[in-house]
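Everything on this sheet refers to the single structure shown next.
Being a predicted model, the structure only gives us computed values, none of them experimental.
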Amino acid sequence: MLDPKCFRQELEVTASILQKRGFKLDVTLIKDLEEKRRVLQVEVQNLQNERNQRSKEVGIAKSKGEDISSVIASMHGVGAKLEAKQAELDELLDKLHDIYSRVPNLPHDAVPKGLTEEDNLEVRHFGKPKKFDFTPKDHATLGIALGMMDFENAAKITGARFVVLTDKLAKLQRILTKFMLDVHTKEHGYKEIYVPHLVNATSLFSTGQLPKFSADQFNIEGDFNYSLIPTSEVPVTNLARDEIIPEEKLPIKYVAYTPCYRSEAGTYGKDMQGMIRQHQFEKVELVRFEKPENSYQAHEELTSHAEKILQKLELPYRVMALCAGDMGFSAAKCYDLEVWLPSQDKYREISSCSNFESFQARRMQARYRDTKTGKTELIHTLNGSGLAVGRTLVAIMENYQDQNGYIHLPEVLWDYMDGEKVIK
RNA sequence: GGAGAGAUGGCUGAGCGGUUGAAAGCGACGGUCUUGAAAACCGUUGAGGGCGCAAGUCCUCCGUGAGUUCGAAUCUCACUCUCUCCA
């Protein structure tokens, strides 16, 4: 959610900035509703004031034993009027809140212009795509041939976009999460955290999945009005909801490992083969709570932490600065890490690192107390995948395959795999 | 699943329907004292919002949502959560 000031005092500017990401703000409507709001709110508050004053007088008069019937009689009109105006105001505020809840974050000045993927800018890259002297296979072909990756049984058990992993591949996925958690906790100073995988609607609203993107979640039916998390960003970020964090506790850096569940609505036909786009996948997520003046430095740092995993795994990747139109709803600035996939002959997203500034914090009243001024101020929230484990598995399989369809594991994983260097 | 008890500020904990945004204590912060610290004493100390250039002023909030009333932390109803006991 944007600062109400953006809509009340800087409406035109706000609209033009939002246009950069292809969002059209209804300036005329908002101007009109805000003007009505202002008038109505003053009116309601004046009536409330009158009610409070007169009621207080009644109390005093009564304690003195004076006759109060005439005063009370005169108050009946005020009550009814207040009720009507209040209802009118509430309706208006709801309407405004709903409009504002659907407005995306303002892109930071440094964000590249553009509306589509095509306009994203490469910031840097690491490693070079390996040349194969044979035609590299895709991970699904490799996994099925190894007898360790099974989409048919997954479809039987559940449906499309699920996978069954067995043996070494199941183990590889497991140790990858441990490897990532180890790096982030031991080398990057993140605190490991375990959180619920089902969340309520308020939590989804806080991080920006609601109200606009309800169809992207798996919402469970029955007595519990919960949703499966699309990312651990949701439960972890919501730890700060309705909190006032003492300044000295910042920054707070969490790393969480959770499964993620996404409906992938509107992606029919996209990446149907293999593990690239699944309804369920594992992810190690980095989440940070920062003071506003530090958030952009923290964003660079967090991105580099995610990159570190790819570097240690010696996987070629590039860092893309997303253009305004390609960023997620809540982000002010976002880098995507894209890993090289030989079978597709291109880079594919494996991590998304975003600074949300105060956008999420305002939705959930996440604040810190400035020790100098004693005032509360909204924190900045950030997160990034560090990394998507399923896609990391895919990248390892494809980049480290040999002509026989064996997978030669990167050295950093040998110990984790109990000395095993090759999956065959 | 059934039966009870509860939910008040950073924490503990009062609060006959009427100058209660809320006693008291603790904590925190500022000050006095002290070479310094502690103790003692004095003072300050919730959040969100409207209007206004500002000084300021007003409104809302005692788990959530409705209701009764001139007036609700206090009464009524529903819900949520926590604790205890039983299955």
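With sequence neighbours left out, A:Y257 forms a ring pair (Phe, Tyr, Trp, His ring centres under 6.0 Å) with no residue at all.
The separation between A:R241 atom CZ and B:A47 atom C1' is 17 Å, rounded to whole Å. We find that CG of A:D370 is positioned 19 Å from P of B:U45, with the value rounded to whole Å. Rounded to whole angstrom, the span from the CD atom of A:E247 across to the P atom of B:G10 amounts to 18 Å. As rounded to whole Å, 13 Å separates atom C1' of B:G65 from atom CG of A:D90.
There is no side-chain donor-acceptor pair under 3.5 Å between A:T207 and A:E233. Between the side chains of A:N200 and A:S203, at least one donor N or O sits under 3.5 Å from an acceptor N or O.
Applying the Watson-Crick and G-U wobble criteria (two distances, each under 3.5 Å), B:A14 pairs with nothing in any strand. Under the Watson-Crick or G-U wobble criterion, with both distances below 3.5 Å, B:G67 is paired with B:C75. As the counterpart of B:A7, B:U80 is assigned, both hydrogen-bonding distances of the Watson-Crick or G-U wobble pattern falling under 3.5 Å. Under the Watson-Crick and G-U wobble criteria, each requiring two contacts below 3.5 Å, nucleotide B:C53 is left unpaired. With both pairing distances under 3.5 Å, B:A28 is matched to B:U44 as a Watson-Crick or G-U wobble pair. Pairing for B:C85 goes to B:G2, judged as Watson-Crick or G-U wobble with the two contacts each under 3.5 Å. The partner of B:A22, taking Watson-Crick or G-U wobble pairs whose two distances both stay under 3.5 Å, does not exist in any strand shown. With both pairing distances under 3.5 Å, B:U35 is matched to nothing as a Watson-Crick or G-U wobble pair.
The side-chain heavy atoms of A:V236 and A:L239, taken from C-beta on, include a pair separated by under 4.5 Å. Two residues are said to be in side-chain contact when any heavy atoms from C-beta on lie closer than 4.5 Å; A:I229 and A:P235 meet this criterion.
For the P atoms, the distance linking B:U64 with B:U74 amounts to 11 Å, nearest Å. Taking atom P in both B:G9 and B:G15, one finds a spacing of 16 Å when rounded to whole Å. Taking atom P in both B:G65 and B:G56, the straight-line distance is 32 Å, to the nearest Å. Across B:C61 and B:A73, the matching C1' atoms stand 11 Å from one another, rounded to whole Å. Between B:A7 and B:G43, the distance separating the two P atoms is 31 Å to the nearest Å. With P as the reference atom, B:A28 and B:G63 are 27 Å apart, rounded to whole Å. Rounded to whole Å, the P atom of B:U8 lies 12 Å from the corresponding atom of B:C62. Separating the C1' atom of B:A14 from that of B:U69 is a span of 25 Å, rounded to the nearest Å.
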* To do: Using a 4.0 Å heavy-atom cut-off, write out nucleotides 48-60 of chain B from 5' to 3' as B (base contacted by protein), S (sugar-phosphate only) or - (no contact).
  => SBBS------BSS
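Ring geometry for A:H184 versus A:Y190: interplanar angle over 60°, hence perpendicular rather than tilted (30 to 60°).
In this structure, A:R369 does not reach the B:G46 phosphate: none of its side-chain N or O atoms is under 4.0 Å from OP1 or OP2.
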* To do: Please assess A:E357 against A:Y296 for the test side-chain hydrogen bond (donor to acceptor under 3.5 Å, both in side chains), listing each intermediate value before the final yes or no.
  => CA-CA 9 Å; A:E357 295 191 6; A:Y296 277 94; 2.4 Å; yes
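Considering A:H305, A:H299, A:H108 as possible partners of A:Y335, the one that fulfils the ring pair (Phe, Tyr, Trp, His ring centres under 6.0 Å) test is A:H299.
Comparing A:K56 and A:K375 against RNA chain B, the residue whose closest nucleotide sits nearer the 5' end is A:K56.
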